[in-house]
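Reckoned from all heavy atoms, side chains included, excluding hydrogens, waters and symmetry mates. Every chain is numbered from 1, with letters handed out A, B, ... down the list of sequences. Everything numeric here is computed off the predicted structure, so don't read it as measured data.
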Amino acid sequence: MTSVHATFGEVAAERRIASVPLSHVSVELGHLYMEDFEAGPERLREQFRRVAPWLATVRSLWGERVPGGRARVSTCFLVDDYFSRFSTPDELVPMIVDAAAEHDLTIDYLARESACARFEDPRSGGVELARLVEDRLVDDPPQGTDGSRPPVKETGWLCNGSRSPSTAPPQAMGKARPWEPPVQNAKRGHSIFVDVELWDEQGPRRTWSCPFLAAVWQLLRLGLLRSDGRVPLSPVTVRDGWPRDWDQLPAVVRLDPQAAPFSAYTTLSVLSPRFLPVELAVRTILSQVAVDDEVLRQVAGRSESEGVRLEEELVDRISYVFV
Amino acid sequence: MLVMGEVHTGLLQNSGEISESTCRQVLAITAGETVRVSRRPIVHALSPERLTGVDCALPAASRSRVRGVGTVVSRCVVTGGRVAQGSSYVRVVRSEADRRLPWSHYLARPGVVEVLGKAKAADLAEGFTGDPAPGCLDLGAVSGRFLDLVQGSPLLDRLAPFKMSRTSLRWVAETGEPSIRFTLHSEQDRTLRLTHPGPFTPAVVDLCEDLATHDWLLTSLLVIVERARIGSTPGAQAAARLTPAIDHLLHLWMPAARVEEWLTPFWDSLERRPGFTRQWHSLVNRVRDQIATNTLALLSTSTEPGRR
């Protein structure tokens with residue numbers, strides 16, 4: 001008898017990573033905070049009036065870039081229900097949809113900001129997206145980091161270099177150290193040092209910062225998050241009217257049943273310039289998130305198979321229009 | 001250019017072996033990431049991989065300054081619910097840019113350390129397996145912390161049945177004509193130089209971890225036998241000192257069980273020289289013979305007339 005080649009496998013020993021359907025670009029048409037809501041529907045109409053031409057531009061740019069011209073573009077809108085609660089979904093959602101329609105805009109997906117922190121999944125219970133991302137942070141090391149000590153951390157903060165050493169005297173009679181500047185790690189000539197607060201805690205309750213949740217939001221839109229290999233959040237269609245309570249509203253709602261997929265190879269956010277510091281913080285966070293290797297390969301493989309070349313670095317897949 | 005890694009191996013700080021489900025909890029070091037467990041031929045649990053950022057000098061035998069920037073991949077392993085490991089490695093490649101790039105560049109290449117400037121693979125390999133200067137990339141410290149992470153788990157009772165030092169295996173893998181060189185340095189330090197055909201794959205890391213596990217088992221059994229002081233202590237006492245080996249170690253010997261087929265020739269060649277399994281069997285026989293002789297002695301005393 002010749003030798004027999006045996007194969008033995010164990011499911012629990014293998015990693016399985018689910019894939020998500022992907023558009024070419026996910027366009028964020030706006031982000032609604034309480035202050036915008038309080039300013040009345042006119043503020044919202046004004047936002048959509050500014051956004052409309054940019055959406056048209058994105059569609060035509062991607063139409064040229066995609067072989068065959070069939071670009072998949074999906075639009076989304078984020079409502080803050082995390083830092084402050086205002087109005088109710090049954091009042092607010094129709095108002096947003098109508099204001100967008102006045103400028104021929106269709107909102108494909110509507111998301112709740114609190115879902116980026118935690119949401120209830122009917123299948124798997126509470127899903128803490130923010131924790132998934134927190135555990136994937138890999139600190140940008142200053143020169144001289146050789147692994148001999150754990151990374152220097154200020155709990156709840158993340159920066160892009162080395163902080164200024166403390167100038168306080170070590171003892172009451174000691175001499176204060178002169179100030180030394182913080183240094184950006186990958187500086188070109190001069191430093192732009194950024195230090196971002198990720199969360200704060202009052203007692204047992206942790207409040208995630210706006211940039212941290214916005215970083216989670218970008219990763220969701222890029223389809224790069226997985227929990228135990230599964231896609232943690234999928235859009236849901238609401239059929240029986242809008243609920244009166246935000247917690248009753250699914251994390252991401254599909255408003256248009258014909259919409260292109262929610263997640264995309266790239267994202268574009270059309271925002272007011274007042275969000276510029278937030279987005280700098282978001283990029284500082286995202287450039288220190290290690291996305292699963294397998295997920296990155298999956299997305300790269302998919303895009304290449306349809307003739308789209310993606311930027312290698314995650315932060316380069318994110319773009320903005322500040323108007 | 002080359003891959004370098006370091007594995008730290010120790011006895012899990014628990015009175016007995018831990019179950020598969022406890023292994024899963026102990027090794028759940030990243031939210032939303034699964035612990036991989038295989039049950040045949042021995043329970044082997046692998047934590048999710050974590051990255052550590054580094055920007056420092058790389059060890060060079062010539063003591064020339066070579067700067068490397070990138071991430072170290074680390075993971076924890078528990079074998080047979082009894083042996084714990086912290087394991088880290090980096091793939092060293094030449095950087096296309098001659099300056100430090102934004103961090104997102106390095107995170108798009110997990111487990112890669114890019115060398116800025118000139119460096120020779122042989123110089124780094126010699127430097128890493130030799131005596132690295134302080135301030136150089138310290139994979140041992142990283143692996144040590146990952147092993148601490150397991151050992152510090154609140155699920156363990158910290159009542160290990162015997163004391164045993166950790167061992168460290170520092171390894172370098174390169175592509176080329178197949179060869180393997182395993183060197184014992186001190187009581188705890190070992191190095192491994194491996195040249196394999198074809199490109200590097202994580203299967204090489206599995207091989208190094210498997211070698212480290214078995215080297216630790218062999219070292220531990222030797223220490224236990226030595227501590228028993230067979231011949232110079234009464235038989236019953238020696239036998240009692242050998243019992244932990246029987247309870248906790250002897251069933252764990254499964255060389256190359258989890259090594260990919262193309263790498264098994266490396267294990268085989270180490271089996272010929274120095275012959276790990278040969279030494280293991282000889283020690284196991286010695287342990288069993290001691291216990292058997294002691295049992296016989298006990299039986300004969302208990303059947304002596306007038307001693308009942």
Side-chain angles (χ1 to χ4, degrees), chain A residues 5-6 8-17 127-151 160-161 184-188 225-230 232 283-284 286-293 296 300 311-317, chain B residues 6 20 24 29-41 44-46 48-59 67-74 88 90 99-111 132 134-145 148 258 261:
Chain A
H5 183 79
F8 174 73
E10 286 181 88
V11 174
E14 292 162 11
R15 275 190 93 213
R16 291 176 181 220
I17 303 290
V127 180
E128 297 195 67
L129 291 179
R131 294 270 181 190
L132 288 186
V133 176
E134 187 194 20
D135 267 8
R136 299 204 144 270
L137 287 175
V138 179
D139 294 36
D140 184 344
Q143 195 175 354
T145 307
D146 59 8
S148 59
R149 273 165 300 172
N160 65 349
Q184 182 190 359
N185 286 337
K187 66 172 181 177
R188 303 201 75 171
L225 289 182
R226 298 291 183 278
S227 178
D228 292 328
R230 290 191 295 268
R283 294 176 75 86
T284 305
L286 285 178
S287 62
Q288 300 183 53
V289 174
V291 173
D292 192 299
D293 215 10
L296 286 177
E311 298 289 344
E312 207 171 43
E313 291 165 38
L314 166 65
V315 283
D316 295 335
R317 299 181 192 172
Chain B
E6 186 158 341
E20 191 192 313
R24 282 184 194 279
I29 58 173
T30 307
E33 278 292 332
T34 15
V35 174
R36 284 180 288 161
V37 181
S38 62
R39 302 183 189 88
R40 303 270 187 282
H44 180 271
L46 203 58
E49 291 181 341
R50 295 268 292 248
L51 300 178
T52 307
V54 290
D55 176 350
C56 58
L58 298 182
R67 182 176 171 194
V69 187
T71 52
V72 179
V73 186
S74 305
S88 309
V90 291
R99 59 188 166 82
R100 158 110 190 223
L101 297 170
W103 189 233
S104 49
H105 168 86
Y106 302 101
L107 282 188
R109 294 158 184 76
C136 285
L137 177 64
D138 192 347
L139 291 182
V142 180
S143 294
R145 281 200 299 278
D148 292 343
R258 298 195 56 265
E261 210 159 327

Query raised in the report: Can you list the steps and then say if A:Asn185 with B:Asp55 is a side-chain contact (heavy atoms from CB on, under 4.5 Å)?
Result: CA-CA 10 Å; A:Asn185 286 337; B:Asp55 176 350; over 6 Å; no

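When each of A:Arg283, A:Gln184, A:Gln143 is checked for heavy-atom pairs under 4.5 Å with chain B, A:Gln143 comes out on top. Ranked by non-hydrogen atom pairs under 4.5 Å with chain A, the options B:Cys56, B:Pro48, B:Ala57, B:Ser104 are led by B:Ser104. Top candidate by heavy-atom pairs under 4.5 Å with chain B, chosen from A:Glu128, A:Arg149, A:Glu134, is A:Arg149. The most heavy-atom pairs under 4.5 Å with chain B, out of A:Arg136, A:Arg131, A:Arg188, come from A:Arg188. Of the listed residues (B:Cys136, B:Gly144, B:Gly111, B:Pro102), the one with the most heavy-atom contacts under 4.5 Å to chain A is B:Cys136.
Only the side chain of A:Val315 comes within contact range of chain B, judged by heavy atoms closer than 4.5 Å. Residue A:Pro232: no heavy atom, backbone or side chain, is found under 4.5 Å from chain B. For a residue to count as touching a neighbouring chain, one of its non-hydrogen atoms must lie under 4.5 Å from one of that chain's; by this rule A:Asp292 touches chain B with the side chain only. For A:Arg230, no part lies under 4.5 angstrom from a heavy atom of chain B. Of the atoms belonging to B:Leu137, heavy atoms from both backbone and side chain fall under 4.5 Å from chain A. At a 4.5 Å heavy-atom cutoff, the contact between B:Arg99 and chain A is made by side-chain atoms alone. Contact of A:Val289 with chain B is made through the backbone alone, with heavy-atom distances under 4.5 Å. Using a 4.5 Å cut-off between heavy atoms, B:Val72 does not touch chain A at all. Only the backbone of A:Asp139 comes within contact range of chain B, with heavy atoms under 4.5 Å apart. Residue contact with chain A, scored on non-hydrogen atoms closer than 4.5 Å, involves the backbone and the side chain of B:Arg40 alike. Residue contact with chain A, scored on non-hydrogen atoms closer than 4.5 Å, involves the side chain of B:Arg24 exclusively. Neither the backbone nor the side chain of B:Val69 comes within contact range of chain A; no heavy atoms are under 4.5 Å apart. Of the two parts of B:Glu49, neither the backbone nor the side chain holds a non-hydrogen atom closer than 4.5 Å to a non-hydrogen atom of chain A.
Summarising the geometry, atom CD belonging to A:Glu312 is positioned 12.0 Å from atom CG belonging to B:Leu107; distances are rounded to the nearest 0.5 Å. Of the inter-residue distances, the one linking B:Thr34 atom OG1 with A:Arg226 atom CZ reads 12.5 Å to the nearest 0.5 angstrom. Rounding to the nearest 0.5 angstrom, the gap separating the CD atom in A:Glu313 from the OH atom in B:Tyr106 is 9.5 Å. Atom CD of B:Glu33 sits about 4.5 Å away from atom CZ of A:Arg15, to the nearest 0.5 Å.
Pairing each heavy atom of A:Asp135 with each of B:Ile29, the nearest pair is OD2-O, 4.1 Å. Nearest heavy atoms, A:Ser287 versus B:Trp103: O-CD1, 3.3 Å. B:Ala141 approaches A:Gly147 most closely through the heavy-atom pair CB-O, 3.5 Å. Of all non-hydrogen atoms in A:Asp146 and B:Val54, the two that sit nearest each other are C-CG1, 4.1 Å.
Residues forming a salt bridge (Lys or Arg N to Asp or Glu O under 4.0 Å) with A:Arg16 (at least two apart in sequence, or on another chain): A:Glu14. For B:Arg145, the salt bridge (Lys or Arg N to Asp or Glu O under 4.0 Å) test picks out no residue, with sequence neighbours left out.
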